[in-house]
Amino acid sequence: MRELGTFEQFREQVAREVGEALKDIGAVAEMVLEKPPSGLADLALPCFHLAKKLRKAPDSIAKDLAGRMRPGGMIERIEARGGYVNFFLRFSEMAQTVLDDALSKKEGYGAGASKKTRILLEHTSVNPTGPIHVGRARNPIIGDTLARILRHAGYAVTTEFYVNDVGRQVVVMSWGVKHLKLDAEPERDKDDYRYVLYYQQANRMLEEKPDVVNEIDDMLYKLEHGDPGVVGLAKETCETVLRAIMESLERINISIDRFTFESRFVQDGSVDRVIQKLKQSEHCREEEGAYHLELESFGISGRETKWVFTRSDGTSLYTTRDLAYHMDKFARTDIAINVLGEDQKLGMQELAAALEIMGVGKKPEVVYYAFVSLPEGRMSTRKGRVVNLDDLVEEAVELAYEEVKKRRTDLSEERMRDIARIVGIGALRFNIARIQPEKQIVFKWEDALNFEGSSAPFVQYAHARACSILAKAGEWNRSADAKLLTSDSEKALLKMIAAFGSVIQECAEGRKPHILAVYSQDLAAEFNQFYRYMPVLKAEGATRDARLGLVEASMWTLRNALTCLGLEAPQEM
RNA sequence: GGGCGUGUGGCCUAGCCAGGAUAUGGCACUUGCCUCCUAAGCAAGUGGUCAAGGGUUCGAAUCCCUUCACGCCCGCCA
């Protein structure tokens with residue numbers, strides 16, 4: 001159980017008061033407390049729905065109710081206004097708790113109690129046939145951010161990359177690597193850029209020479225029948241490209257706990273066992289030697305309701321192996337979450353049905369995202385219409401370097417490069433993380449490289465400013481007295497800091513990383529307003545201590561939010 | 001043909017699941033603020049039929065229905 005935050009305590013007290021007051025006036029109604037626009041109150045009870053039953057105007061009901069309730073405890077004030085009963089939080093109580101909490105818990109501020117629930121979060125899982133582009137990069141960014149949030153919320157999270165090392169494209173690439181000499185220079189001296197050329201060159205050769213087609217088909221047959229030589233070659237080829245892809249992802253602070261190779265399920269016999277069991281299902285049909293499940297009764301609709309799980313030659317398909325993989329997942333975890341492109345929706349519905357037929361009581365939760373396209377259309381490697389992640393990273397870091405150089409003349413070259421890296425990569429990740437996944441994104445350089453307003457640098461800057469103030473503060477009394485924080489900007493900032501824990505929880509439970517990005521932006525804005533108007537270092541005595549306490553609490557909250565977003569929190573910018 | 005998703009000022013976006021008080025923030029544009037803890041900032045201003053229509057409700061961006069636009073899917077591919 002998460003310990004009750006001060007705001008939740010306040011809400012409970014209000015709920016008790018309202019419950020009793022409603023009983024007093026004989027109103028049997030469900031009670032809905034809502035959060036009013038900032039400034040009006042901290043919680044409000046709308047009385048409109050009571051008007052009809054009581055045959056009284058909402059505002060007089062509100063006044064009546066307000067008159068029956070007494071402030072006290074966490075409630076400082078109660079007032080009726082415009083048909084609402086407004087409740088005001090006793091600010092000093094909350095402020096002291098929040099301040100003490102943030103200053104003592106530091107990196108752990110806002111964290112949920114550690115839970116027993118294991119979460120296996122599969123993300124990225126791109127086919128290892130070439131460099132990762134921006135269209136696909138939405139997946140690792142959403143996945144990694146969600147993993148960080150879930151961990152801060154207290155879950156035991158394992159992230160996993162499902163490697164497709166079985167299939168025609170892998171065979172083609174492997175064949176190319178083994179038999180061809182490159183006739184072009186790779187864009188970068190990196191294996192993913194090199195291997196994609198082998199892949200493309202091999203594909204061209206396939207169109208021209210029929211005997212190569214036979215060779216590939218033979219390899220494919222061997223691969224699908226678990227021939228150790230071919231399986232080994234395919235796996236090695238994939239691993240080489242995979243290492244290069246991970247190098248790109250690690251530059252944007254994304255790492256993955258575990259890689260599961262698809263070939264494993266062919267080799268260890270689990271796919272065969274799945275096939276045998278599916279064949280016994282009442283939903284199973286056979287057509288010319290190929291088997292499928294009839295899934296119409298599972299709500300699958302469209303032109304095709306068949307879910308084919310073996311070819312005529314008895315070999316498995318991608319979907320069959322994915323089923324074996326998901327059964328393996330559920331043997332290892334309590335909750336499985338997949339981050340997938342929206343093109344996978346039908347496939348996942350079918351997979352869920354197949355899992356049910358297999359007698360597995362669980363199904364994966366899925367976070368779907370829409371594709372990132374370019375102004376001229378969908379990204380396509382084949383049409384050469386892509387923005388590679390590596391290029392975007394370099395562009396972002398370079399641009400950030402120009403900005404640092406413009407602003408700072410006192411820093412070493414090395415320090416400026418470091419800040420540029422942190423800021424550039426942050427801007428890139430934030431720009432993708434801040435948008436709801438189901439919303440389509442059209443990639444524009446000027447948006448991706450935006451360093452002001454709603455961006456990572458805005459949040460990082462607030463953090464850097466907090467650090468800078470603290471660095472200049474010298475000795476101060478860390479048991480700050482929150483009663484001295486009385487201005488609107490101080491109160492607003494404290495309330496924002498207080499909300500961090502529940503924001504993390506909301507993001508985690510709803511699997512919604514973008515909410516954290518929005519929150520961090522709002523938090524930074526509150527902090528900016530605060531330090532613009534409230535002198536900290538020049539304040540005196542206990543007020544100085546209290547404000548420094550608020551600065552440090554802001555610093556930890558900003559830093560923890562940034563960390564959950566996968567961004568580094570620079571000490572200076 | 002069917003299914004899923006999206007549609008919020010010139011552009012981007014939060015809110016939608018759990019309906020409420022003047023619809024969130026940014027970009028761009030106009031205008032102020034560096035003798036003051038880093039101006040990647042702060043303050044003020046212009047700009048909105050919340051795709052369209054209907055319904056439910058005291059009250060709808062939010063719920064229901066219809067239509068339109070855009071995206072994605074409906075392989076013995078992965």
Side-chain angles (χ1 to χ4, degrees), chain A residues 32 34 36-37 40-41 44 46-52 57-58 81-84 86 127 129 164 166-170 262 287-292 299-306 308-313 315-319 321-322 341-347 349-350 368 370-371 373 378 400 403-404 406-408 410 423 427 431 434-442 444 446-447 450-462 464-466 468-473 510 514-515 517-519 521-522 524-525 528-529 531-539 547 551 572-573:
Chain A
V32 186
E34 59 178 59
L40 279 173
C47 301
F48 305 94
H49 62 291
L50 296 168
K52 203 174 236 176
R81 187 177 155 191
Y84 291 87
N86 288 329
N127 286 334
T129 49
N164 166 26
V166 185
R168 194 173 189 87
Q169 48 188 342
V170 178
E262 195 176 332
E287 265 176 29
E288 296 168 13
Y291 287 83
H292 68 265
I300 305 294
S301 57
R303 289 191 190 97
E304 199 51 84
T305 57
K306 288 188 270 193
V308 179
F309 64 92
T310 72
R311 295 191 180 95
S312 307
D313 65 1
T315 54
S316 66
L317 286 97
Y318 165 82
T319 42
R321 300 187 290 269
D322 205 21
E342 62 178 346
D343 55 334
Q344 306 286 318
K345 277 187 189 176
L346 178 60
Q349 258 183 60
E350 292 169 335
Y368 294 106
F371 291 110
S373 58
R378 192 173 172 170
E403 295 295 319
V404 184
K406 256 192 257 174
R407 292 158 217 272
R408 301 295 293 264
D410 56 326
V423 168
N431 240 285
R434 59 183 259 268
I435 297 180
Q436 326 179 354
E438 53 271 22
K439 225 154 178 160
Q440 207 191 326
I441 297 179
V442 177
K444 296 197 185 88
E446 65 260 40
D447 293 342
N450 168 33
F451 289 169
E452 51 188 19
S454 183
S455 73
F458 179 88
V459 183
Q460 289 170 321
Y461 182 71
R465 291 298 301 267
S468 150
I469 292 170
L470 292 169
K472 288 177 179 166
H514 77 278
I515 290 175
V518 173
Y519 167 80
Q521 150 82 29
D522 293 343
N528 287 340
Q529 282 164 47
Y531 81 68
R532 170 69 182 75
Y533 291 107
M534 294 290 128
V536 178
L537 296 176
K538 285 180 180 166
R547 288 186 186 161
V551 171
E572 58 182 350
M573 281 171 69

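We name chains A, B, ... by the order of the sequence lines, and we start the count at 1 in each one.
- Side-chain atoms of A:Asn127 never come within 3.5 Å of backbone atoms of A:Asn164 as a donor-acceptor pair (strictly under, hydrogens ignored).
- Regarding the sugar-base torsion, B:rC12 falls in the anti class, its angle being beyond 90° of 0.
- Heavy atoms of A:Ala44 sit under 4.0 angstrom from at least one base atom.
- We find that CD1 of A:Ile435 is positioned 13 Å from C1' of B:rU6, with the value rounded to whole Å.
- Using a 4.0 Å heavy-atom cutoff across all strands shown, A:Phe458 reaches sugar-phosphate atoms only and no base atom.
- Across the P atoms, B:rC72 and B:rU30 are found 38 Å apart, a figure rounded to whole Å.
- Side-chain nitrogen and oxygen atoms of A:Lys439 include at least one within less than 4.0 Å of the OP1 or OP2 phosphate oxygen of B:rG7.
- Rounded to a whole angstrom, the distance from the C1' atom of B:rU8 to that of B:rG48 is 8 Å.
- Separating the NZ atom of A:Lys444 from the P atom of B:rA28 is a distance of 15 Å, rounded to the nearest angstrom.
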Polar-atom pairs under 3.5 Å, protein N or O versus N or O of nucleotides 37-39 of chain B: list them with distances, or write none.
{"residue": "B:rC37", "atom": "O3'", "partner": "A:Lys472", "partner atom": "NZ", "Å": "3.2"}
{"residue": "B:rC37", "atom": "O2", "partner": "A:Leu537", "partner atom": "N", "Å": "3.0"}
{"residue": "B:rC37", "atom": "N3", "partner": "A:Val536", "partner atom": "N", "Å": "3.1"}
{"residue": "B:rC37", "atom": "N4", "partner": "A:Tyr531", "partner atom": "O", "Å": "2.3"}
{"residue": "B:rC37", "atom": "N4", "partner": "A:Met534", "partner atom": "O", "Å": "2.5"}
{"residue": "B:rU38", "atom": "OP1", "partner": "A:Ser468", "partner atom": "OG", "Å": "2.7"}
{"residue": "B:rU38", "atom": "OP2", "partner": "A:Lys472", "partner atom": "NZ", "Å": "2.6"}
{"residue": "B:rU38", "atom": "O2'", "partner": "A:Tyr461", "partner atom": "OH", "Å": "3.3"}
{"residue": "B:rU38", "atom": "O2", "partner": "A:Met573", "partner atom": "O", "Å": "3.2"}
{"residue": "B:rU38", "atom": "N3", "partner": "A:Arg408", "partner atom": "NH1", "Å": "3.3"}
{"residue": "B:rU38", "atom": "N3", "partner": "A:Met573", "partner atom": "O", "Å": "2.7"}
{"residue": "B:rU38", "atom": "O4", "partner": "A:Met573", "partner atom": "N", "Å": "2.7"}
{"residue": "B:rA39", "atom": "OP2", "partner": "A:Arg465", "partner atom": "NH1", "Å": "2.6"}
{"residue": "B:rA39", "atom": "OP2", "partner": "A:Arg465", "partner atom": "NH2", "Å": "3.3"}

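- B:rC76 makes up no base pair with any nucleotide shown, lacking Watson-Crick or G-U wobble contacts both under 3.5 Å.
- When atom types are taken as modelled, the side chain of A:Arg547 and the backbone of A:Leu537 share no donor-acceptor pair closer than 3.5 angstrom.
- Backbone-only contact: A:Leu346 has heavy atoms under 4.0 Å from sugar-phosphate atoms and none from a base.
- Comparing B:rA78, B:rG75, B:rC76 by their nearest atom to the side chain of A:Val308 picks out B:rC76.
- At least one side-chain heavy atom of A:Leu40 sits less than 4.5 Å from a side-chain heavy atom of A:Arg81.
- One distance of note links CG of A:Asp447 with CD1 of A:Ile441; it measures 9.5 Å at 0.5 Å rounding.
- Rounded to a whole angstrom, the distance from the C1' atom of B:rG19 to that of B:rG59 is 8 Å.
- A:Glu438 comes within 4.0 angstrom of the backbone, heavy atoms only, and of no base.
- Nucleotide B:rU66: paired with B:rA52 (Watson-Crick or G-U wobble, both distances less than 3.5 Å).
- Counting only distance, with no hydrogens or angles, the side chain of A:Thr310 and the backbone of A:Tyr291 share a donor-acceptor pair below 3.5 Å.
- A:Gly302 comes within 4.0 angstrom of a nucleotide base, judged by non-hydrogen atoms across all strands.
- Taking only side-chain nitrogens and oxygens, A:His514 never comes nearer than 4.0 Å to OP1 or OP2 of B:rU24.
- One finds a salt bridge joining A:Arg408 and A:Asp410 here, because a Lys/Arg side-chain nitrogen approaches an Asp/Glu carboxylate oxygen to under 4.0 Å.
- Remark: P of B:rA40 and CD of A:Glu403 are 9 Å apart, rounded to the nearest angstrom.
- Here B:rA39 sits opposite no nucleotide as a Watson-Crick or G-U wobble pair (both hydrogen-bonding atom distances under 3.5 Å).
- Within 4.0 Å (heavy atoms only), A:Val166 reaches sugar-phosphate atoms of the nucleic acid but no base atom.
- Rounded to the nearest 0.5 Å, atoms NZ (A:Lys439) and CZ (A:Arg434) are 10.5 Å apart.
- The distance between atom CG of A:Asn450 and atom P of B:rC11, rounded to the nearest whole Å, is 18 Å.
- Using atom C1' as the reference point in both B:rG7 and B:rU46, the two lie 25 Å apart (nearest Å).
- Taking the P atom of each, B:rC33 and B:rA21 are spaced 37 Å apart, rounded to whole Å.
- Contact annotation: A:Gln436 reaches the phosphate of B:rG15 (side-chain N/O to OP1 or OP2, under 4.0 Å).
- Remark: A:Tyr531 OH to A:Arg465 CZ distance equals 3.5 Å, nearest 0.5 Å.
- A donor-acceptor pair shorter than 3.5 Å cannot be found between the side chains of A:Ser373 and A:Arg378.
- At the phosphate of B:rA43, OP1 or OP2 sits under 4.0 Å from a side-chain N or O atom of A:Gln529.
- In this structure, A:Pro46 and A:Ser454 both approach RNA chain B, and ranking their closest nucleotides by distance from the 5' end singles out A:Pro46.
- A:Phe451 contributes atom CZ, which lies 9.5 Å from atom CD of A:Gln460 (distance to the nearest 0.5 angstrom).
- Nucleotides B:rU38 and B:rG32 have their P atoms positioned 26 Å apart, rounded to a whole Å.
- Residue contacts shown for A:Arg321 are limited to sugar-phosphate atoms, with no base heavy atom under 4.0 Å away.
- As judged by a 4.0 angstrom heavy-atom cut-off over every strand, A:Glu446 is placed among residues making no nucleic acid contact.
- Whole-Å rounding puts the A:Lys306 NZ to B:rC76 C1' distance at 10 Å.
- Summarising the base pairing, B:rA14 is matched to no nucleotide, lacking a Watson-Crick or G-U wobble pair whose two defining distances lie under 3.5 Å.
- For the pair A:Asn431 CG and B:rC27 P, the interatomic distance rounds to 12 Å; values are reported in whole Å.
- Note on A:Arg434: every side-chain N or O is 4.0 Å or more away from OP1 and OP2 of B:rG26.
- At least one side-chain nitrogen or oxygen of A:Asn528 sits closer than 4.0 Å to the OP1 or OP2 atom of B:rC42.
- Contact annotation for A:Val423: base contact, defined as any heavy-atom pair under 4.0 Å involving a base atom.
- Between B:rG15 and B:rC63, the distance separating the two C1' atoms is 15 Å to the nearest Å.
- Counting to the nearest Å, the P atom of B:rG3 and the CD atom of A:Glu304 are 16 Å from each other.
- Nucleotide B:rU30 is matched to B:rA44 when pairs are restricted to Watson-Crick or G-U wobble geometry with both distances under 3.5 angstrom.
- Residues A:Val423 and A:Met573 have side chains in contact (heavy-atom distance under 4.5 Å, counting atoms from C-beta outward).
- Here, B:rC50 and B:rG5 have their P atoms 23 Å apart, quoted to the whole Å.
- Note on A:Asp447: nothing from the nucleic acid sits closer than 4.0 angstrom, heavy atoms only.
- Side-chain N/O atoms of A:Asn86 and base N/O atoms of B:rA21 include a donor-acceptor pair closer than 3.5 Å.
- Side-chain to base pairing of A:Arg303 with B:rG1: one donor and one acceptor N or O lie within less than 3.5 Å of each other.
- Dashed line: the shortest gap from a side-chain N or O of A:Arg168 to OP1 or OP2 of B:rC76 is not under 4.0 Å.
- Of the listed nucleotides (B:rG41, B:rC76, B:rG5), B:rG41 has the atom at the smallest distance from the side chain of A:Glu452.
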